Amino acid sequence: MSARLGIIGAGAWGTALAQAAARAGTPSTLWAFEPEVAAAINETHENPVFLKGIKLDPAIRATNNAADLSACGAWLVVTPAQHMRASLEAFRAHLRPGTPVALCSKGIERGSLKLMSNVLGETLPHAVPAVLSGPSFAADVARGLPTAVTLACTDASAGEKLIAMIGSASFRPYLADDLIGAEIGGSVKNVLAIAAGIVEGRELGRSAHAALIARGFAEMTRLAVALGAQRETLTGLCGLGDLVLTCSSPQSRNMSCGLALGRGESLADIMAARNSVTEGVATAPAVMELAARHHVDMPICEAVAAIVSGKASVDAAINALLARPFTSESA
């Protein structure tokens, strides 16, 4: 396997992963959609658009040419979930059969309701699929602060090779084999983080915040298990760990979105002011369609979906949740 890592997507997270790989001794080729981003990374060793102020390792080489990834021994795909299919199809001609491809974006494809691993299987059937997910902010990873994540891969050998390429003392991937659990954890936590931000923005208190995380975790687990995931996967880094992080800091794009909604800003204004994707906005309606298909009750996610779809105001969604009948905690 080639010692070079290919990374599709030069946003904050893709750039941070390239930096993590460099710390592990692995040079990377980072594909950027924006020519100016690629040029800046190559010329100044910085990503001024998406990860400003962090000096990048010279071993990171940026490109706008998809063919430059053909010689890489493994790929990390960090494009937004709703653009995943188109991105993978654009790179299909450049993938060698048997190459490990780790999906680093969290979401459910709207319309088809497919997980990203399903999209990968349809577009790049000769890839070895993996999912990288867990509590990690891009800036923390880029700066080398201690971070632990889940690397889910059904091929243990390929998973171990990926870990060898990106793992270091400060970036610690833990190997798992449950792709569905890792994907649902990473997708649903974004929706719940919007809810957590709304709680903060409406000043509903720390007790409400804690309750939201606990009951949200129950929703996440119910859906994952219904789809065939292992329950214990959701208690790990890619489930509970990621949920706690994303629901606890405005550094999370999804929580900051909810925070602004809770303070009365419109979703259109929030999105217009951003240069990065807030995955939970698109994922919320897809999660609810998937939950309905599998008869899974997810009231918090349902409230978020209603808010971002314009079907309910923030106050109406909160009141509807608080008016729900009392039930067993195991329900």
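Since we're looking at a predicted model, the values are computed, not measured.
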Any residue meeting side-chain contact (heavy atoms from CB on, under 4.5 Å) with [X], in chain and number order, not counting sequence neighbours:
X: A93; result: none
X: D57; result: Q19, A22, A59, I60
X: S249; result: F137, Q251
X: I180; result: L115, D178, I184, L227, A229

Report task. Quick one: which residue pairs count as a ring pair (Phe, Tyr, Trp, His ring centres under 6.0 Å) with a foot in residues 156-215, not counting sequence neighbours? Result ->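 Listed once each, the pairs would be none.
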
Sorted by first residue and then second, give each salt bridge (Lys or Arg N to Asp or Glu O under 4.0 Å) pair with at least one member in [range]; sequence neighbours left out.
range: residues 197-223; result: E200-R206, R202-D315
range: residues 296-309; result: D297-R324
range: residues 225-244; result: K189-D242

**Report entry** Residue list, ring-ring contact (aromatic ring centres under 6.0 Å, His included) with W13, at least two apart or on another chain
**Finding:**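 So W13 forms no ring-ring contact (aromatic ring centres under 6.0 Å, His included) with any residue.
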
Report task. With sequence neighbours excluded, tell me which residues meet salt bridge (charged side-chain N to carboxylate O under 4.0 Å, His left out) with D155. Result ->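 Result, salt bridge (charged side-chain N to carboxylate O under 4.0 Å, His left out) vs D155: none returned.
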
Query raised in the report: Apart from L120 itself, what residues make up its hydrophobic cluster when side-chain heavy atoms of I, L, V, M, F, W and Y under 4.5 Å apart count as a link, directly or indirectly?
Result: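 In the cluster with L120 are I8, W31, F33, L69, W75, V77, M84, L88, F91, L95, V101, L103, M116, V119, L124.
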
Query - Residues clustered with V131, ILVMFWY side-chain links under 4.5 angstrom - result: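 Same cluster as V131: L179.
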
